[in-house]
Number of protein chains: 2
Amino acid sequence: MNTNQEAWLAPRAAVFKALGHPSRLFIVETLRQKPHCVCELTELIGADTSTISKHLSVLKNAGVVHSSKSGTTVYYRLACDCLSGMLDATESILRKRAESANASLTGSFGATR
Amino acid sequence: MNTNQEAWLAPRAAVFKALGHPSRLFIVETLRQKPHCVCELTELIGADTSTISKHLSVLKNAGVVHSSKSGTTVYYRLACDCLSGMLDATESILRKRAESANASLTGSFGATR
DNA sequence: CGCATTTTTGGCCATTTTGCCAATAAACCG
DNA sequence: CGGTTTATTGGCAAAATGGCCAAAAATGCG
């Protein structure tokens with residue numbers, strides 16, 4: 001894995017990394033409905049405002065969300081419709097994982113007895 | 001964010017978290033072509049075998065890859081076709097990010113002088 | 001069986017991440 | 001302007017992650 005490959009990988013991994021934290025994923029799921037301001041997200045998650053602000057900063061730097069200021073409040077929204085597809089894809093992955101977990105419990109011949 | 005929501009989020013975040021590391025993302029990109037064994041991936045990435053093995057373990061626990069043993073060698077492959085879609089989605093996200101970065105540099109009137 | 005090959009696991013340390021508090025910044029209101 | 005609300009930044013301690021080495025499994029081969 002050379003320097004060029006790493007440079008190509010880094011921003012792509014950053015997108016997944018940003019989504020790879022429960023609070024941040026919750027934010028993205030929430031923004032799927034409609035834009036929200038920091039204080040609303042803070043309320044919903046139940047953490048310190050500064051914590052949420054930093055999570056939003058991670059999401060923004062990765063390119064996952066956009067922000068727009070209106071007075072003193074800042075609204076965040078998803079940067080790309082394609083995020084819905086990504087979120088849905090995890091459902092397929094988890095469904096398949098559940099199936100194969102089941103299959104290995106059941107054994108090759110489906111006999112549970 | 002209550003316990004139920006956290007339980008729902010955790011496995012989904014784990015999928016993204018697994019993809020959110022350059023080496024692991026490289027592995028997934030590589031497996032997109034065809035299955036590979038640990039030693040091949042080790043060679044391609046240039047890290048210790050144990051490091052790669054642990055990365056693969058993370059991907060496997062998240063449900064991203066499957067493994068099958070053949071003799072002493074273990075082959076890994078993608079668990080879901082939907083991963084291609086996820087990887088492609090990052091391209092859209094990064095493209096949009098590049099565009100908006102450009103727009104903000106250019107300013108509201110597109111005058112760069 | 002004894003040995004080689006491939007992979008996984010355990011242990012350790014350096015680095016990164018996370019989350020809180022405090023302080024600062026930005027914008028509105030009276 | 002001074003005070004209030006909303007958000008961001010800095011700093012710190014605790015927790016998690018990543019990577020290497022060494023050791024242990026697991027499998028095939030002579």
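Quantities reported herein were computed from a predicted structural model and do not represent experimental measurements. Residue numbers start from 1 in every chain, and the chains themselves are labelled A, B, ... in the order their sequence lines are given, proteins ahead of strands. All heavy atoms count here, side chains included; hydrogens, waters and symmetry mates do not.
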Item checked: Upstream residue (5' side of DNA chain C) when Gly71(A) and Asp48(A) are each assigned their closest nucleotide -> Asp48(A)

Next item on the list: Starting at CG of Leu94(A), measure out to CH2 of Trp8(B) and round the result to the nearest 0.5 Å.
Entry: 9.0 Å

Notebook entry, point to check: Do Pro11(B) and Arg97(A) have side-chain heavy atoms sitting under 4.5 Å apart?
Noted result: yes

Item checked: Atom-pair distance (CG on Leu56(A); C1' on dT8(D)), nearest Å -> 11 Å

Next item on the list: Measure up the His21(A) and His55(A) rings against each other and bin them: parallel (under 30°), tilted (30 to 60°), perpendicular (over 60°).
Entry: tilted

Item checked: Sugar-phosphate only, base, or nothing, as touched by Lys17(A) at under 4.0 Å among non-hydrogen atoms -> sugar-phosphate

Next item on the list: May I ask you to say what Tyr76(B) touches in the nucleic acid, namely base, sugar-phosphate or nothing, with a heavy-atom cut-off under 4.0 Å?
Entry: sugar-phosphate

Notebook entry, point to check: Could you state the CG-P distance from Leu25(B) to dT17(D), rounded to the nearest angstrom?
Noted result: 18 Å

Item checked: Candidates Val65(B), Leu31(B), Leu25(B) - the one meeting side chain to side chain contact (heavy atoms under 4.5 Å, CB included) with Leu59(B) -> Val65(B)

Next item on the list: Using a heavy-atom cut-off of under 4.0 Å over every strand shown, decide if Lys69(A) touches base, sugar-phosphate, or nothing.
Entry: sugar-phosphate

Check: Does His21(A) have a side-chain nitrogen or oxygen under 4.0 Å from the phosphate oxygens OP1 or OP2 of dG19(C)?
Finding: yes

Notebook entry, point to check: Between dT18(C) and Thr51(A), is there an OP1 or OP2 to side-chain N/O distance shorter than 4.0 Å?
Noted result: no

Checklist line | Nucleotide dT5(D), atom C1' - distance to CD of Glu43(A) in whole Å | finding: 15 Å

Next item on the list: When you get a sec, tell me which of dT7(C), dC21(C), dG18(D) is the closest nucleotide to the side chain of His55(B)?
Entry: dG18(D)

Check: Rounding to a whole Å, what distance do you find between Ile27(B):CD1 and dG19(D):C1'?
Finding: 13 Å

Next item on the list: Determine the contact category for Thr73(B): base if any of its heavy atoms lies under 4.0 Å from a base atom, sugar-phosphate if only primed atoms, P, OP1 or OP2 are that close, otherwise nothing.
Entry: sugar-phosphate

Margin query: In this structure, how many angstroms lie between the C1' atom of dT6(C) and the CD1 atom of Ile52(B), rounded?
Written below: 14 Å

Checklist line | Whole-Å gap separating C1' (dT8(D)) and CG (Leu59(A)) | finding: 15 Å

Check: Looking across every strand, which nucleic acid part, if any, lies under 4.0 Å from Ser50(A) by heavy atom: base, sugar-phosphate, or nothing?
Finding: base

Note to self: With nearest nucleotide decided by heavy atoms, which residue, Glu40(B) or Ala47(A), maps closer to the 5′ end of DNA chain C?
What the structure shows: Glu40(B)

Notebook entry, point to check: Does dT8(D) have OP1 or OP2 sitting under 4.0 Å from an N or O in the side chain of Ser53(A)?
Noted result: yes

Checklist line | Spacing between Lys54(B) atom NZ and dG18(D) atom C1', to the nearest angstrom | finding: 9 Å

Notebook entry, point to check: Whole-Å distance between dG19(C) C1' and Arg24(A) CZ?
Noted result: 12 Å

Next item on the list: Kindly indicate whether the side chain of Ile27(A), heavy atoms from C-beta on, has any atom under 4.5 Å from the side chain of Ile45(A).
Entry: yes

